[in-house]
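Okay, structure first, notes after.
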Amino acid sequence: MDYNFSEIETRWQKYWQENKTYHVNIDKSKPKFYVLDMFPYPSGAGLHVGHPLGYIASDIYSRFKTLTGFNVLHPMGYDAFGLPAEQYAIQTGQHPAITTENNIKRYREQLDKIGFSYDWSREFRTSNPDYYKWTQWAIIQMFNHWFNNKNQKAEPIEALISEFEKNGNKNIDAAGNQEEIFTAEQWKGMTEKEQQTILLNYRLAYRANTTVNWCPELGTVLANDEVKDGVSVRGGYTVIQKNMLQWLLRITAYAERLLNGLDTLNWTDSLKEMQRNWIGKSEGAKVFFDVKDSDIKLEVFTTRPDTIYGATFMVLAPESELVTELTTKEQKEKIQEYIEISAKRTERERISEVKNVTGCFTGSYAINPFTNQEIPVWIADYVLAGYGTGVIMAVPAHDSRDYAFAKHFILPIVEVVSGGDILKESYDAKSGKLVNSELINGLDVVDAQKKILEIINQRNLGESKINYRLRDAIFSRQRYWGEPFPFYYKDDIPYALNINELPLALPEIDIYKPTEDGDPPLGRAENWVSSEGYPFELSTMPGFAGSSAYNLRYMDPKNNEALVSKEANEYWQDVDLYVGGTEHAVGHLIYSRFWNKFLFDLGYIVKDEPFKKLINQGMIQGRSNFVYRIKNTNKFVSLALKEKYEVTDIHVDVNIVHNDILDIEAFKKWNPDYKNAEFELEDGKYKCGYAVEKMSKSMYNVVNPDSIIEQYGADTLRLYEMFLGPIEQAKPWDTNGIEGVHKFLRKFWKLYHNNENNIEISDDKASDEELKVLHKTIKKVQEDIERFSFNTSISAFMICVNELNGLKCDKREILEPLTILLSPFAPHIAEEIWMLMGHNQTVTKQTFPKLNEKYLKEDSILYPVSFNGKKRFEIKISAEASNQEIEKLVLENENSAKWLEGKSPKKIIIVPKRMVNVVV
RNA sequence: GCCCGGAUGGCGGAAUUGGUAGACGCGCUGGUCUCAAAAACCAGUUCCUUCGGGAGUGCCGGUUCGAUCCCGGCUCCGGGUACCA
C-alpha cells in the first residue's frame, strides 16, 4: 500500500501524546482563543458517526487558529450524570458510576482514534466530587443571594437582612414572591422560622410548589419523555400531575439581562429568536375583576387591555387555588370531575390540542369593571397556572382560543376592534379602530391601550405590567444519579452547608429506586444527615446543573480553591467559539448564560456572557437498508423484483451493505436464521432498498467511527464528515462516497512520492501557474474555514491536487505550504509528509501560508452573455475593458444577431467582471 | 398547537452581496491498461427534444432587465416545547 494510513495515524497519535503537543498554558505573549465543544453524555451505545461532526469542525478551527498565532484552549470532558445510567442501574443493579466509567473509557478510545487536538490534561467529568463541589458551591451562592431589581444585580442576603432590621422591606425592589410589606419592628418580632420563610421568597435558589408527572404505581416522578399518552412508557401505568415542593432557581430575575445580552452575541438570528421567544417578554397590564357576592378579586394579566370591553367571561386554570372558593354547590361535582380529567393531561397536551375544547362553569360570576356586566367564571385547561396569574379575561372576538371556547360553550362574543369578521373567526390583529367601548371608541389599538391603562391606573383597577413567559427553573429531581444538594433541614427550613464542608458526596445506596413511602432514592441512604444530625435534602440536581459553568472549569480544572482562579479567568475570559447541537438552543444555553451572569455579579468571573460565537452542527440521521423476504419463505428478492411478490421489508445491518449492494455471505453470517437463505438477484447482485431514519440500534443503521477508521483511516473520516455538507445542516449518514475523499488523500500522497513510494521533492522555482493554483487554494481554504464552510474547502483541496497533478508539480515551494494548509483537516498525513520532507518539528506549530494576491490576477474574463435573462453564449473580454467596449464587443459578436432578431436592444446591463444581459 | 430551521440531478451537495444553476465527490455509461480482476487513468452524465430549441432549484402567485437567493400564500420533513441529554 502506498499510503499506509493505519501505521501513520498510530505513530502520530502516539507522538502527540508523548510530546504533549496539545497541552496549553497561559501564555501572555499570544492572544488567546477558546474553542469549546458541547461535551457528550457518555451513553452505552458508544460514539456514533454523528457525534464527531461538530468535534471535527471545531478541531479544524482550533488547529487553524494555532497556525495563525493564537494560544488555543480546546478541552473536552464528560457530562456524566443522567437518567440512562440510572435506568440501567435500576434494571441491572450495576452502580451508575461503574457503567459511566466504562462508557467514558470507550468514548475516550474512540475520540483518540480520530486525532483531535484536545488538551486532555484538562479533562473532567461532572460526576466527580472535585467538580460537582463547584456546582454545589454555586447553588449555595444562589441560596445566599437575592436579586435587586433596582440595579439588576445579585446581592448578598446578609445585606438584605440588615436592611430588614433597619427599615423592613418597604424600600426593597426584589425579584421574587414576597408581596407583603413588613416593618423593621415586625421583622425583629418574627421567629427564626418566620424570617427564614420570608427569606426564601428572595433567595435565588428557593423552594416552591410545582407540578410533576407522578406515577403512583411506580412511586416516582417521571421525566416528560418517560410519559406517553398519559401513561408511563415503562409499564403503561397512569401518570397524574401532582403538586410537589421543589427547589427552583430564580432565573426569571435575569430575564431582562438574558434578553438584552443576546444583542451582543455572535449567534445565528434564528437561535437568538428562539431564546427571545422563550423568554417571551410581553407588555400589558394586570387588572382586578371583582367577583359577585364575594370578596375575591381575580387578578388577570393581559397583553390587550384595550379589548377589555369585549371580555365576556373569565377562565381560571383548573389547578388554581381559587377554584374551590368560586365553585357553587350545584357545580361542585362537575368541577371536581373536570379537575381530575385535566390532572391526567400533560402541559404539552393541554397547549397543543386546540381542536379539543374543554372546560367547566364554576357557577360564579365576575364583574367586568368597564361594562359592569356579570360575566361567568369558567375553568379550562388551556389556561396554565404557571403563566401570568393563571386567570384570564376571555375576549372571544379577538383571541382565537377564547373564540373557539365561546363558540363551543355558546358564550357571548362582542366585537370591540373593527377590521375582522367575527361571525367567521376571531380578529387577533393589533390594528383597527375600537368599537363598543364607551371610553375608548374610535381610537386605534395603540392609543386605546395607552388610554385604557391610564383609566385603569386612575381607578385603581390595576396597573401596567411586563410579563415574561420564562419560568423559574425547577432544579430538583427525585433521582439518584445527580449532584446532591448541599442543604439540610431544621424545622422544615433549609440551611446551606458551609463551603468548607463541600463536596457533599453522593452516598451509596443498595437499590436505585424510590423508597416504599415514595421518597427519592436518597431516602435509602444511611446517615444522610449533617454533622449536627439534621436531615439532608433527598432530591438531586438536574442534568443541566453540571453543564452550566463547565466552560469556566476548563480554564483551571485542577483548582481546589476556586471554580476558576482569577488569573486563569482573566486570561481565557470566555468561549470564542462554541460548537454543539441546536437541540440545546433554549435549555442549556439559557441556563448557562444565567449561571455565568450570576457568577459575574458576584465578581468571580470577568465576562457575563459565556459564549461569544456559536455554531450549531446539524444532526446526522441514519440511512437504513432493507432486504425483502417473500412471505412465509426464507427467500429474499432484490429491490427491483420485490413488486412481483408479497414481501416483508426487513432492516439489514448497513455495515454489510455497500452502495446498496448486499454482501450475501456476510448477511448469512449476520443472523443464523438466514444461514440457508435463498436469493433472487438482479444483474447478479442483491440490491437493497433504503430509508432515512433516526440513527438507532433497532434500525441497524448505526455506523461507528471505529469501523470507518479501520477501513479508511481517521484522516479520511475527518474529511468525509466535513465533505458531507454544510456543518449546520441535518443530513443522513451515507458511507457511499467515502471512496472519493480517500482517493483524494491517496492522490495527495502520490503528489509527494515517486513510483517507488519514496518522497521526491524538487527545490526548483515554481512556475506562475503552479503558484496560482496554490494561492487560489490558500484564499479559498482560509475564507472557507473562517465562515465554517468546510465542505467547500475540501473540494478546493481536491481541485488543487488534481491541477497540481496535471502540472506534474513536485516543487517544495508549492508542496510545503500545501501540507500546512491541509494539516487542520488531515493532521496525520500532514505530519507524516512534513517529516518526510525533512522537518523535525511538528506541522501543527507552523505558520499558516500567506496569500499573495499577485498570483491570482486574471488578464481576461469569460463573460456570459444573456438575452432577456437567458444565457446564450460566452465571450472572452479583457479584464480592463470599459463598459462601452464590452457593449460594443457583445453587439458585434456574430452570435448576437440571431438573438437580436433585427431589433435594437432596449437596454444592456453590464456587471463588471461578472455578466452581460441584453434586454430586447 | 406554538417557536426555529430545511427542501436544488439517480445520491451528498456548490452557487459567499439579486448576476453563467448543478462546482467537488459518489453512482452510472463507454474507453485505455490486463489472461482476467482490482487499482489507476481518460471521456460522458439535470430532464425533454422534431437537435432549432424548450423546461428546470418542494407547490402556487408576485417584485425585477435578471430570483435557488427578496415578498405573499401553501405542502412535506427535522429540532425544541421547560424532568432525555
Side-chain angles (χ1 to χ4, degrees), chain A residues 38 40-41 43 79 81-84 87 212-213 221-227 246 268-271 273-278 280 347-355 382 386 400-401 469-479 542-544 547 581-588 590-591 616 618-619 621 623 659-660 690 692 694 720 723-726 728-741 743-744 746-747 750 783-784 787 789 791-792 794-799 802 862-872 874 906-909 911 914-920:
Chain A
M38 287 184 188
Y41 173 78
S43 84
D79 189 13
F81 276 132
L83 222 43
Q87 196 47 44
V212 294
N213 301 313
V221 174
L222 295 176
N224 284 335
D225 47 316
E226 293 178 302
V227 184
Q246 301 260 41
T268 58
D269 288 337
S270 61
L271 196 87
E273 193 59 21
M274 273 193 257
Q275 292 222 337
R276 283 193 195 102
N277 292 335
W278 186 256
E347 190 179 293
R348 178 129 18 124
E349 286 167 346
R350 288 171 54 170
I351 313 167
S352 59
E353 288 172 16
V354 288
K355 282 170 195 147
Y382 77 95
S400 53
R401 287 159 309 173
R469 203 183 71 102
L470 184 71
R471 307 203 293 245
D472 282 342
I474 301 172
F475 200 63
S476 39
R477 300 290 182 264
Q478 288 61 49
R479 301 284 175 184
F544 65 84
S547 57
T582 170
E583 65 271 23
H584 299 286
V586 286
H588 160 63
I590 283 259
Y591 295 128
N616 285 127
M619 188 169 281
Q621 295 148 314
R623 187 182 186 279
N659 293 336
D660 292 336
Y690 74 90
V692 173
K694 193 172 150 175
Y720 188 56
F723 189 64
L724 271 179
E728 306 205 58
Q729 201 167 295
K731 52 207 156 253
W733 177 267
D734 182 353
T735 312
N736 296 351
I738 197 166
E739 299 281 352
V741 289
K743 211 190 280 179
F744 158 73
R746 288 217 304 267
K747 282 188 201 168
K750 276 195 181 156
E783 281 173 2
D784 284 352
R787 66 187 179 108
S789 176
N791 54 330
T792 50
I794 290 166
S795 62
F797 277 120
M798 288 172 168
I799 293 167
N802 286 344
L862 195 61
Y863 276 92
V865 179
S866 297
F867 286 78
N868 292 332
K870 197 108 195 127
K871 190 192 113 183
R872 295 305 178 185
E874 285 169 343
K906 217 189 262 174
K907 197 171 166 190
I908 298 179
I909 291 137
V911 183
R914 297 222 78 140
M915 51 73 68
V916 178
N917 187 23
V918 183
V919 186
V920 186

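Reminder, nothing fancy here: chain letters follow the sequence lines and each chain counts from 1. These numbers come from the heavy atoms of this one structure, side chains and all, not from hydrogens, waters or symmetry mates.
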A/Gln246 (side chain) donor-acceptor with A/Phe475 (main chain) under 3.5 angstrom: no
Sugar-phosphate, base or nothing in reach of A/Val212, heavy atoms under 4.0 Å: base
Nearest-nucleotide 5' precedence on RNA chain B, A/Leu862 against A/Ala730: A/Ala730
A/Arg623: which of A/Asp734, A/Asn736, A/Thr735 passes side chain to side chain donor-acceptor pair (under 3.5 Å): A/Asp734
Sugar-phosphate, base or nothing in reach of A/Pro726, heavy atoms under 4.0 Å: sugar-phosphate
Any A/Arg872 side-chain N or O less than 4.0 Å from OP1/OP2 of B/G54: yes
Presence of A/Asn802 side-chain N/O under 4.0 Å of B/G25 phosphate oxygens OP1/OP2: yes
Gap between atoms CG and P, on A/Asn213 and B/A82 respectively (whole Å): 9 Å
Any A/Lys871 side-chain N or O less than 4.0 Å from OP1/OP2 of B/G66: no
Sugar-phosphate only, base, or nothing, as touched by A/Val586 at under 4.0 Å among non-hydrogen atoms: sugar-phosphate
Phosphate OP1/OP2 of B/C83: any A/Gln478 side-chain N/O under 4.0 Å: no
Polar pair under 3.5 Å, donor/acceptor by atom type, side chain A/Glu226, base B/C83: no
Separation of atom CZ in A/Arg746 from atom P in B/A38, rounded to whole Å: 14 Å
Touch class at under 4.0 angstrom, heavy-atom based, for A/Lys743 against every strand present: sugar-phosphate
Phosphate contact (B/A82 OP1 or OP2) by A/Arg471 side-chain N/O below 4.0 Å: no
Distance-only donor-acceptor test (3.5 Å): side chain A/Asn277, base B/C3: no
Spatial distance of atom CE (A/Met915) from atom CD1 (A/Ile909) [nearest 0.5 Å]: 7.0 Å
Gap between atoms CD and P, on A/Gln246 and B/C83 respectively (whole Å): 9 Å
Sugar-phosphate, base or nothing in reach of A/Arg623, heavy atoms under 4.0 Å: nothing
Rounded distance (Å) that lies between atom C1' of B/U17 and atom CD of A/Glu783: 13 Å
A/Glu226/A/Asn213 under side-chain contact (heavy atoms from CB on, under 4.5 Å): CA gap, chis, key distance, verdict: CA-CA 9 Å; A/Glu226 293 178 302; A/Asn213 301 313; over 6 Å; no
Nearest-angstrom distance from the residue atom CZ of A/Arg787 to C1' of B/U16: 5 Å
